[in-house]
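A, B, ... follow the sequence lines: proteins, then strands. Residue 1 opens every chain.
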Amino acid sequence: MIEQKIRECCVAAVKDLYHQEITPEIIGFERTKKEIEGDFTVVVFPLVRFARKSPEATAAEVGEYLKSNIPWILHYNVIKGFLNLVMKEAFWLDFLEEEAASPNFGTTPDYHQAPVILEYSSPNTNKPLHLGHIRNNLLGNSISLILEANGYHVIKVNLVNDRGIHICKSLVAYMKWSNGETPKSAGIKGDHLVGKYYVLFEKQYKEEIRSLTASGIPEEEAAKSAGLIVEAQEVLRRWEAQDPEIIALWQTMNGWAYEGFADTYKRLGVEFDKTYYESDTYLLGKALVYSGVEREALIRKPDGSIWVDLQDEGLDEKLLMRSDGTSVYMTQDLGTAEQRYNEYHPSRMVYVVGNEQIYHFDVLKRVLRILGKPSGDAIFHLSYGMVELPEGKMKSREGTVVDADDLMEEMYLTAEETTRTLGKVDDFSDKEANLLFETIGLGALKYFILKVDPKKNMLFDPKESIDFNGNTGPFIQYTYARIQSLLRKAADAGSSSFVPRPSSLVTQEREVIKLLYQYPSIVRQAGDELSPALIANYIYDLAKEYNQFYQEVPVLREEDPAVVSFRLELSSITGDVIRKGMKLLGINVPERM
RNA sequence: GGUCCAGUAGCUCAGGGGAUAGAGCAACAGCCUUCUAAGCUGUGGGUCGAAGGUUCGAAUCCUUCCUGGAUCACCA
């Protein structure tokens, strides 16, 4: 890595020239800005106090030292405290031949012993997936691929929320009003059918509360005493008592939901190594909590409920077990964390969960620590921001939820319309064309979501369809398809595979190579920060740079066959990096579009 | 009220101690007899929420304030 070499050489320069010891980290090292001549820039301001000279003089002396000690440096220039280094072309050409052309470029060989457990998706069986889940799933899927590229063994797990009072609500509604309809008889996707009954319950429940309050009952009391909610609670009791009738219906309706989810996951392109169900895990953690009481790390209140007191740590008291001895979400999460930790001995357990649960994970880690469990330190909550609509947060009650299946279908249709209008598929078979629409539509959606920093909230306006021009998935896909078109034409013309070295590089070639050089460090950084956005923005920069090259520099039209051959090679490598980078985002690229 | 996150061009987003703050969209003006115009080039557009502070240097770090959001359930 040239950066390390240059940093070390700067340390040596300060030692030899100024007889001072410095550490490599204090040196500023970056890519040279585009308008200025140079490939890499050393910021020497931090060195001037050791040199006791002006920034310009320091930069010049260090520059001279670097040039005579690092053979790859051709020359340098100094602007204020910025030492701009120009590398020899051989440096870039060696890089292309020896690194970029390698199939493993940008991936680290498998070297991490302990796996990483990555939990994401975590749907609720009474609601179909919506845009928020899409972000979650795309992030989880992409992060798993990025971690794998960085040499980690990733175990992707899904924890399905398939029990609880909310699930019982859809059961009650179904028993009352369905007349036994099924996804098949209703012609509705399973998860949507279940969701329909959940919504119906909420609607009727609200109606019931309204009529109760109209007859003079306070709202709070009405919400508790309404017949529907009482029924749902009764169903929950029967469920916990394993009532065969309830269990059977519960299994049937959950089965419908899973069939629906499976379709959505498939179209989104996400998958899991293991699926956990809360109905299996909700009792886990109780023993942990009891042992915590015995060790007096937790508090049992007179009514029997168990709490953890985090007030010394600046938080509140938090319930861990109800007074009737039943467990809450936290109890279960304590249990599953321990279970996974003991099963896989992971180096990290990453949870892709929305930022509304920051407090939950904070408490979870603290409680595990209080209980003396090391699993708490392995937990990392990847908290991502919400997807907001122009009018604010998505609310299922107000019908402002953007459904995942609908959105994917819309993207497909928009892709089809745009593509047909442009006349791009006139010579495609139906099958090829449909595949292309899916690739472009889903590519646009995925890129749109993944290009923004996971931590930040993002805005989605359903009225404005996701763009296909500019900083978008289709733009990148188009660039890739263009490259493949060039390569096909060249292959047809029978150009040789021998790639001679060009006598010199034009600016556009050099800029593309410099960006290619960044790729491995971007992949590493994306792995360190668990941020697909870094890959997305990088691939965009690369595609944009390549397009400029493509537009301004002849490839096949070039007369010198050696230059043609080199430019094809550069194009081919760029195409490979675009494909690999997009793959890390879970986005496919088409050979033609 | 406590805690946490965010505020950068009209809009959506990059940049998270270094040079004159960048892209895309939208607007306007160019570029297809030549490798795919889902492209390329150019123009306009900014007191980086505000004020202080640290620093040779601050959009970036610290403090306070303003605005928006999240969260603080015997929900998950």
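Here B:C40 is the nucleotide among B:A38, B:G15, B:C40 with the atom lying nearest to any side-chain atom of A:Q548. For A:L319, whose side chain is taken as the heavy atoms from C-beta onward, the closest listed nucleotide among B:A14, B:C74, B:G15 is B:C74.
Residues from residues 22-47 of chain A lying near RNA chain B, meaning a heavy-atom separation below 4.0 Å, are A:K33, A:I36, A:T41, A:V43, A:F45, A:P46 in numerical order.
One P atom belongs to B:U63, the other to B:G68, and the distance between them is 22 Å to the nearest Å. With both ends at atom P, the span from B:A19 to B:C61 equals 15 Å, rounded to whole Å. Taking atom C1' on both nucleotides, B:U47 is separated from B:G52 by 16 Å, rounded to a whole Å.
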Quick test: give all pairs of protein nitrogen or oxygen and nucleotides 58-64 of chain B nitrogen or oxygen below 3.5 Å, distance rounded to 0.1 Å.
none

Any N/O pairs under 3.5 Å between the protein and nucleotides 67-72 of chain B? List them or say none.
{"unit_1": "B:C72", "atom_1": "O2'", "unit_2": "A:D316", "atom_2": "OD2", "d": "2.2"}

Give every pair of a protein N or O atom and an N or O atom of nucleotides 24-27 of chain B that lie under 3.5 Å apart, one pair per line with the distance.
{"unit_1": "B:G24", "atom_1": "OP1", "unit_2": "A:K544", "atom_2": "NZ", "d": "3.2"}
{"unit_1": "B:G24", "atom_1": "O2'", "unit_2": "A:N471", "atom_2": "N", "d": "3.3"}

Using nucleotides 31-37 of chain B, report all nitrogen or oxygen pairs with the protein that are shorter than 3.5 Å.
{"unit_1": "B:C35", "atom_1": "O3'", "unit_2": "A:K489", "atom_2": "NZ", "d": "3.3"}
{"unit_1": "B:C35", "atom_1": "O2", "unit_2": "A:V555", "atom_2": "N", "d": "3.4"}
{"unit_1": "B:C35", "atom_1": "O2", "unit_2": "A:L556", "atom_2": "N", "d": "2.8"}
{"unit_1": "B:C35", "atom_1": "N3", "unit_2": "A:V555", "atom_2": "N", "d": "3.1"}
{"unit_1": "B:C35", "atom_1": "N4", "unit_2": "A:Y550", "atom_2": "O", "d": "2.3"}
{"unit_1": "B:C35", "atom_1": "N4", "unit_2": "A:V553", "atom_2": "O", "d": "2.8"}
{"unit_1": "B:C35", "atom_1": "N4", "unit_2": "A:R557", "atom_2": "NH2", "d": "3.2"}
{"unit_1": "B:U36", "atom_1": "OP1", "unit_2": "A:S485", "atom_2": "OG", "d": "2.9"}
{"unit_1": "B:U36", "atom_1": "OP2", "unit_2": "A:S485", "atom_2": "OG", "d": "3.4"}
{"unit_1": "B:U36", "atom_1": "OP2", "unit_2": "A:K489", "atom_2": "NZ", "d": "2.6"}
{"unit_1": "B:U36", "atom_1": "O5'", "unit_2": "A:Y550", "atom_2": "OH", "d": "3.4"}
{"unit_1": "B:U36", "atom_1": "O2'", "unit_2": "A:Y478", "atom_2": "OH", "d": "2.1"}
{"unit_1": "B:U36", "atom_1": "O2'", "unit_2": "A:R482", "atom_2": "NE", "d": "3.1"}
{"unit_1": "B:U36", "atom_1": "O2", "unit_2": "A:K424", "atom_2": "NZ", "d": "2.7"}
{"unit_1": "B:U36", "atom_1": "O2", "unit_2": "A:M593", "atom_2": "O", "d": "3.3"}
{"unit_1": "B:U36", "atom_1": "N3", "unit_2": "A:M593", "atom_2": "O", "d": "2.5"}
{"unit_1": "B:U36", "atom_1": "O4", "unit_2": "A:M593", "atom_2": "N", "d": "3.1"}
{"unit_1": "B:U36", "atom_1": "O4", "unit_2": "A:M593", "atom_2": "O", "d": "3.3"}
{"unit_1": "B:A37", "atom_1": "OP2", "unit_2": "A:R482", "atom_2": "NH2", "d": "2.8"}

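Put simply, the side chain of A:V86 does not reach to within 4.5 Å of the side chain of A:Y76, judged on heavy atoms.
Taking the six-membered ring wherever Trp is involved, the centroid distance between the rings of A:W250 and A:Y277 does not fall below 6.0 Å. For A:F361 and A:F380, the ring centers are positioned 6.0 Å apart or more.
Among the duplex regions that RNA chain B forms, those built from at least three successive Watson-Crick or G-U pairs under 3.5 Å are B:1-7 with B:66-72, B:10-13 with B:22-25, B:27-31 with B:39-43, B:49-53 with B:61-65, ordered by first number.
Within 3.5 Å, a donor on the side chain of A:K456 pairs with an acceptor on the base of B:G16, or the reverse. Side-chain atoms of A:T419 and base atoms of B:A38 include a donor and an acceptor less than 3.5 Å apart.
The residue among A:K451 and A:R163 whose nearest nucleotide of RNA chain B lies closer to the 5′ end is A:K451.
Ion pair A:K301/A:D303 not flagged as a salt bridge, since none of the NZ, NE, NH1 or NH2 atoms sits closer than 4.0 Å to an Asp/Glu carboxylate oxygen.
The cationic group of A:R135 does not satisfy the cation-pi geometry with A:Y384, failing either the under 6.0 Å distance to the six-membered ring centre or the 45° limit from the ring axis.
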- [ ] May I have the step-by-step check of side chain to side chain contact (heavy atoms under 4.5 Å, CB included) for A:N124 and A:I167, ending in yes or no?
- [x] CA-CA 8 Å; A:N124 189 314; A:I167 308 291; 3.8 Å; yes
- [ ] Output, in order, the C-alpha distance, side-chain angles, deciding distance and verdict of side chain to side chain contact (heavy atoms under 4.5 Å, CB included) for A:H381 and A:V353.
- [x] CA-CA 7 Å; A:H381 174 205; A:V353 176; 3.6 Å; yes
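Going from atom CG of A:L320 over to atom CG of A:L298 covers 6.0 Å, rounded to the nearest 0.5 Å.
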